[in-house]
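Below is one structure, written out as structure tokens, with a few remarks after it.
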Amino acid sequence: MSKDIVAAPFVQEMMKVTANLYRLGWDERNGGNISYLLREEEVGAYLNPNQVIRTIPMIFDATELAGRYFIVTGSGKYFKNVIDAPDVNLGIIRVADTGKSVELLWGFKDGGVPTSELPAHFMSHIERLKIDSDHRIIMHNHATNIIAMTFTHSLEEREFTRTLWQMCTECIVVFPEGVGILPWMVPGTDAIGMATAAKMREFRLVIWPHHGIFGAGSTMDEVFGLIETAEKAAEVYTLVQAQGGAQQTITDQQLQDLADAFCVTAKSGYLQVGVK
Ligand code: 13P
Ligand code: ZN
């Protein structure tokens with residue numbers, strides 16, 4: 001219990017990924033947030049779970065996560081600063097038994113609180129855990145080309161997904177279920193939290209038009225890789241449009257061949273392929 005928690009693998013992962021995301025330009029100022037579900041024994045190896053530093057109220061009910069531990073980024077905290085001051089910019093919290101507050105066990109040393117997007121994170125964790133027992137991470141960031149695409153492309157989920165799939169051969173393999181898209185909404189609210197979580201029943205990637213993207217996954221690499229792949233496709237789309245538009249693309253049959261070759265199931269009705 002006397003081990004230095006900054007050396008803990010999950011703290012190191014948060015420090016490294018936030019620095020990486022900042023370097024990529026997807027987390028300007030305090031943009032973006034991450035929450036990472038931790039096992040009690042992971043936390044217990046470094047902290048006394050009975051030593052609660054302070055209790056932080058929440059605006060929504062997270063009873064379904066009562067007793068669960070998370071490491072989360074702080075509200076208003078800059079990703080660029082996490083690597084140098086993890087104990088100020090990150091916090092380890094446990095959801096109280098009432099589901100109406102979180103108990104701070106480490107971090108947020110300057111009196112900080114968890115991300116303002118905690119409703120979207122917690123509600124998404126609840127939904128993803130129902131369908132994926134390995135689920136652990138929700139990541140939100142302001143991926144540049146994805147945001148840009150929400151101004152120039154149809155926001156219809158099938159159309160948007162198909163364009164991303166067509167931009168890079170890997171896309172349909174990485175996110176065969178496609179991407180969910182919300183209408184524009186005010187961030188940090190219960191309402192956007194509920195809408196995001198509802199999409200998370202079907203998708204691991206959810207786009208907030210003119211704002212950013214949410215990803216869900218069981219490891220940091222998986223969730224980062226998901227967002228990175230969608231953002232790369234959006235970047236290629238940006239370049240293709242700048243070069244005057246596509247003259248040819250990956251056909252629906254080729255997308256189907258990819259899905260078959262990599263043993264994934266493309267979202268039903270998204271590809272138009274003849275009966276074999
Ligand atoms: P926080 O600083 O509260 O995490 O908010 C950043 C953000 O990206 C809001 O959508
Ligand atoms: Zn944001």
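All values reported here derive from a predicted model rather than from experimental measurement. When a ligand or atom number is given, it counts from 1 through the structure's own listing order.
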* **His142 N/O under 3.5 Å from ligand 1 N/O** => yes
* To do: Check each atom of ligand 1 against the heavy atoms of His140 and keep those under 4.0 Å away; list them by number with element.
  => 8 (O), 10 (O)
* Taking only heavy atoms of Asn30 into account, list the atoms of ligand 1 that are under 4.0 Å away from them. => 1 (P), 2 (O), 5 (O), 6 (C)
* To do: Evaluate the ring planes of Trp208 and Phe214, with Trp represented by its six-membered ring, and classify them as parallel (under 30°), tilted (30 to 60°) or perpendicular (over 60°).
  => tilted
* Check ion pair Glu42-Arg136 (N to O, under 4.0 angstrom) -> yes
* To do: Give the name of the N/O/S atom in His142 that lies closest to the Zn ion (ligand 2).
  => NE2
* Asked: Which atoms of ligand 1 are found less than 4.0 Å from any heavy atom of Ser75?
  -> 1 (P), 2 (O), 3 (O)
* **Which of the ligand 1 atoms, numbered from 1, are nearer than 4.0 Å to a heavy atom of His211** => 10 (O)
* To do: Specify the protein heavy atom at minimum distance from atom 9 (C) of ligand 1: its residue, its atom name, and the distance to 0.1 Å.
  => Glu117 OE2, 3.1 Å
* Asked: Using a distance-only test with no angle check, is there a side-chain donor-acceptor pair under 3.5 angstrom linking His153 and Glu159?
  -> no
* **Within reach of ligand 1, part of Asn33 (heavy-atom separation under 4.0 Å)** => side chain
* Asked: Just which atoms of ligand 1 are under 4.0 Å from any heavy atom in Thr115?
  -> 1 (P), 3 (O), 4 (O)
* Nearest to atom 3 (O) of ligand 1, what protein heavy atom do you find, and at what distance? -> Ser116 OG, 2.6 Å
* For residues Ala230 and Ile213, report the shortest heavy-atom separation together with the two atoms involved. => CB-CD1, 4.4 Å
* Whether over 12 other heavy atoms sit under 6.0 Å from Gln241 CD -> yes
* To do: Run the numbers for me: atoms of ligand 1, each under 4.0 Å from some heavy atom of Gly31, listed by number.
  => 8 (O)
* To do: Check whether more than 12 heavy atoms from other residues, nucleotides or ligands sit under 6.0 Å from atom NZ of Lys16, and answer yes or no.
  => no
* Asked: Is the shortest N/O to N/O distance between Lys77 and ligand 1 below 3.5 Å?
  -> no
* Structure fact -> atom 8 (O) of ligand 1 sits nearest the protein heavy atom Gly32 N, 2.9 Å
* Could you tell me whether Gly76 and ligand 1 have an N or O pair separated by under 3.5 Å? => yes
